[in-house]
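Proteins get letters first, then strands, A, B, ... in listed order; numbering begins at 1 in each.
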Amino acid sequence: MDELLRDLNPEQIEAVTHGAGPLLILAGPGTGKTRVVTRRVAHLVRSGADPRRLLAITFTNKAAGEMRERTAALDVPSGEITMATFHAFAARLLRVDGRAAGIDPSFSIVDEDDRSALLRAAVAELMGTGADAARKTAAEVSRRISFFKNAGKGAEDLEREDPFAGRVWREYEARLRAMNGVDFDDLLVLAEKAVSGGGPGDRRVDWRAAYDHVLVDEYQDVNALQYRIARALCARTRNLCVTGDPDQSIYRWRGADVENILSFERDFPDARVVRLVRNYRSTGAILRAADRLIANNVRRKEKTLTAMKGEGEPVRLLSSGDDRDEAESIGAAAAAEIASGRAPSDIAILVRTAAQTRLLEQSLAARGIAYALVGGARFWDRREVRDVIAYLRLVANPRDSVSFERIVNVPRRGIGEKTVEALRAHAARTGIPAPELARGRGPWPEGLARERAKLAPFARLIARLEASAAAGVAALVRAVIDETRYEAWLAESEGPSADERIENVRELVNDAAQFDREGEGRGLNEYLETRALAGDADSYDPAAPRATILTMHAAKGLEFPVVVVAGAEEGFLPHARSSDRIEEIEEERRLLFVAMTRAKDRLLLSWAERRAVAGTILPRVPSPFLREIGPVAEDGGGRRRDDPFSRPGEDLFFGREPAPSHYPAFSAGDLVRHSFYGPGTITAVRGSGPEAKVTVRFRDGAEKQLIVEFAKLVRVAAPG
DNA sequence: GTTTTTGCACTTTTT
DNA sequence: GTGCAAAAAC
């Protein structure tokens with residue numbers, strides 16, 4: 001046909017040209033998925049689809065931006081197409097139609113920090129303890145509530161399983177409602193309500209008929225709630241196109257459900273299914289290693305990727321004595337790559353946890369290698385930035401008590417915990433939010449007569465800020481900084497980091513000014529929204545001349561000529577916090593699969609014999625997954641700080657003496673010790689050898705299903 | 001009410 | 001080694 005189909009393979013053409021009706025594109029890593037989706041969008045528009053009636057859902061804001069650029073390059077009026085993440089789309093929908101879901105459209109988006117503060121307060125109240133005792137409980141309860149919300153379940157469902165968590169949910173919900181706040185999960189919950197039937201009937205837009213085509217990317221990481229939204233949005237036309245790869249599902253913990261792919265074929269039995277398996281990204285050696293790894297997942301549809309590139313160099317293994325040596329060797333490898341003419345931006349170092357980055361950063365910095373960090377301390381999490389943003393949020397939403405409490409005494413204006421506590425109590429009694437009380441709306445609390453004098457200037461300050469908001473977001477940010485004399489306060493309150501903080505605050509002014517310039521009639525709410533929903537990966541700029549250090553999760557969807565996987569050890573892969581349940585082990589395996597398949601030409605897997613974890617030095621063993629990958633070229637030692645890539649290496653089976661080569665046979669009644677859970681008794685055994693599953697009852701009464709291969713159980717003679 | 005000091009718990013992964 | 005929160009001192 002036209003140039004849209006040039007350089008596409010037959011499966012890709014099938015996906016691009018598919019007309020009406022449901023379409024499922026199963027796309028392995030590096031199979032040209034992004035290209036197919038952008039061409040498909042262009043093809044739809046050229047075939048007469050109205051771009052204003054197209055909706056493309058992506059996993060990150062950055063992916064949405066990229067799709068916009070790439071479709072624009074194909075002469076598509078991409079500005080007219082709605083491209084956003086589920087969360088951003090939901091937020092926009094609720095600004096228009098919040099009332100249909102029972103929410104005031106001037107709501108604040110409550111971020112993860114605010115959320116945990118609210119939950120901690122709710123838990124503390126219900127337990128009658130201090131905030132400290134509430135912390136751990138709150139973190140646990142928070143995860144459960146979030147998981148239930150994303151599964152499309154309500155407080156009553158959680159209450160049946162865990163009455164306390166259910167009560168916390170209701171209390172938390174009440175607090176959110178009082179401040180007109182909406183957390184990340186609520187965005188989806190409420191959007192689903194607004195889109196499908198159920199809520200109040202005064203909808204301004206018929207969402208079920210608003211789009212002719214809906215496209216959803218990274219479908220394997222979509223949760224039940226998101227799936228419901230997508231399905232409702234295309235209720236009329238059924239023109240739903242989803243793309244994903246079950247082997248790259250790495251957000252199960254956030255409620256993502258691979259079963260969605262199965263439900264898709266169930267809900268749309270007439271769906272066309274296209275499989276993309278020709279990999280154009282990685283060398284044969286890299287692909288083979290990744291394939292051997294993922295083949296170990298039992299709950300999986302068989303699928304083998306075909307390498308379209310040559311064999312390339314073997315995947316390499318770097319063994320180091322400790323984490324410092326590892327960082328040094330990796331830094332040396334990066335330096336050698338650059339010395340041989342490679343661009344720094346071609347190099348990525350992938351880690352499992354954000355905490356691993358520090359030594360790697362130091363190593364790169366010591367060699368003068370510029371690097372970017374994706375996922376780590378973010379600009380928007382800086383205290384000074386959050387302070388200024390809190391003022392903005394209070395202006396946008398006068399009921400935002402979380403922001404109010406954050407800045408009522410920042411900079412210091414003599415309003416202490418006692419005053420805030422009194423306001424909070426009065427707010428609970430009267431139902432009028434604390435920030436409104438502080439501004440003299442509603443009856444003044446008794447016994448706070450003296451505090452009134454201190455609060456009055458604050459009330460006037462907020463009123464002045466409200467007035468300046470009309471001149472744009474940047475004007476408001478400047479007003480906040482000037483009126484509160486924020487920079488002066490920073491300068492005197494903080495010693496060494498004061499300059500950096502002032503710099504950050506000024507950067508915020510720039511950011512707001514840029515928003516004002518680019519935004520067309522968009523206001524404060526939209527500014528706060530885009531910034532609240534800005535993700536980790538969104539800041540990544542592939543064109544910047546820098547190496548990249550990033551978490552494996554943040555690496556999803558990206559590719560690099562050279563990839564180093566740092567810390568390929570048991571404890572990271574699988575992570576010590578994940579359980580021995582097969583679902584979780586398999587997700588950890590998929591995570592390493594995603595990491596490996598980011599590499600185009602060179603892949604280095606690295607581990608260290610010792611590593612400082614939370615302050616203590618621990619002995620480490622290689623990730624059990626490395627054994628599954630099998631032969632790779634090994635770079636012995638690692639205490640040598642020359643280039644691991646350039647050394648000759650013969651193909652060796654990993655770990656000349658496979659770590660624990662014999663697995664003890666257990667039987668019921670055996671007394672054992674687990675490295676983490678401690679002593680216990682075997683109550684049941686299924687299977688034999690390394691794959692055998694044993695049930696162990698530990699001293700606290702908890703029973704765990706463990707796989708002998710991973711559990712490192714030791715038989716003991718006597719209990720304890 | 002504010003500042004400083006001590007103590008402790010912490011490290012998955014993120015929209 | 002770190003960052004946050006309660007306790008102690010100003």
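For the pair Thr60(A) and dT15(B), the criterion of a side-chain N or O lying under 4.0 Å from OP1 or OP2 is not met. Residue Arg383(A) places no side-chain N or O under 4.0 Å from the OP1 or OP2 atom of dG3(C). Phosphate contact (OP1/OP2 of dT15(B), side-chain N/O of Asn150(A), threshold under 4.0 Å): absent. At the phosphate of dT15(B), neither OP1 nor OP2 sits under 4.0 Å from any side-chain N or O atom of Ser146(A). Look at Arg413(A) and you won't find any side-chain N or O under 4.0 angstrom from OP1 or OP2 of dG1(B).
Nucleotide dT14(B) holds its C1' atom 13 Å from the CG atom of Asp113(A), rounded to whole Å. One atom, CD of Gln362(A), and another, C1' of dG1(C), lie 11 Å apart when rounded to the nearest Å. Residue His575(A) contributes atom NE2, which lies 8 Å from atom C1' of dT13(B) at whole-angstrom precision. Separating the CE atom of Met552(A) from the C1' atom of dT13(B) is a distance of 10 Å, rounded to the nearest angstrom. The CG atom of Leu533(A) sits 10 Å away from the P atom of dT15(B) (whole-angstrom rounding). The distance from atom CZ of Arg324(A) to atom C1' of dG1(C) is 12 Å, rounded to the nearest whole Å. Rounded to whole Å, the distance from CG on Leu618(A) to P on dT11(B) is 16 Å. dC4(C) atom P lies 11 Å from atom CZ of Arg120(A), rounded to whole Å.
The residue Gln356(A) sits apart from the nucleic acid: no heavy atom pair falls under 4.0 Å. Contact annotation for Asn409(A): backbone-only contact, meaning every heavy-atom pair under 4.0 Å involves sugar-phosphate atoms and none involves a base. As judged by a 4.0 angstrom heavy-atom cut-off over every strand, Phe86(A) is placed among residues making no nucleic acid contact.
Between dT15(B), dT13(B), dT2(C), one nucleotide has an atom nearer to the side chain of Thr85(A) than all others, and that is dT15(B). In the set dT13(B), dT2(C), dT14(B), dT13(B) carries the atom at the smallest distance from any side-chain atom of Arg352(A). For Lys454(A), the listed nucleotide lying nearest its side chain is dG1(B); candidates were dG1(B), dT2(C), dT15(B). Among the nucleotides dG1(C), dT15(B), dG1(B), the one closest to any side-chain atom of Thr419(A) is dG1(B). Residue Ala355(A) places its side chain closer to dT11(B) than to any other of dT15(B), dT11(B), dG1(C).
Between Trp253(A) and dT13(B), a base-stacking contact is recorded: ring centres under 5.5 Å apart, planes less than 30° from parallel.
Judged by the 6.0 Å and 45° rule, Arg620(A) forms a cation-pi pair with Phe572(A). Because its NZ or CZ atom is not both nearer than 6.0 Å to the ring centre of Tyr172(A) and within 45° of the ring axis, Arg120(A) does not count as a cation-pi partner of that residue. In this structure, Arg231(A) forms a cation-pi arrangement with Tyr227(A), its terminal cationic atom sitting closer than 6.0 Å to the ring centre and no more than 45° off the ring axis.
Look at dT13(B): it lacks any Watson-Crick or wobble partner with both distances under 3.5 angstrom. Pairing partner, dA9(C): dT2(B), with both Watson-Crick or wobble hydrogen-bond distances short of 3.5 Å. Across all strands shown, dG7(B) pairs with dC4(C); the Watson-Crick or G-U wobble distances both stay below 3.5 Å.
Under the salt bridge (Lys or Arg N to Asp or Glu O under 4.0 Å) test applied with Glu588(A), the options Arg252(A), Arg581(A), Arg352(A) reduce to a single match, Arg352(A).
Using a 4.5 Å cut-off on side-chain heavy atoms (C-beta onward), Leu233(A) and Val195(A) make contact.
Spacing of P atoms, dT13(B) relative to dC4(C), comes out at 15 Å, to the nearest Å.
For Tyr219(A) and Phe59(A), the ring centers sit 6.0 Å or farther from each other.
Below the 3.5 angstrom threshold, one finds no donor paired with an acceptor across the side chain of Arg412(A) and the base of dT2(B).
In the displayed structure, Leu618(A) atom CG is contacted under 6.0 Å by more than 12 heavy atoms of other residues, nucleotides or ligands.
Annotation: of the two residues near DNA chain B, Gly414(A) and Glu584(A), the 5′-most nearest-nucleotide partner is Gly414(A).
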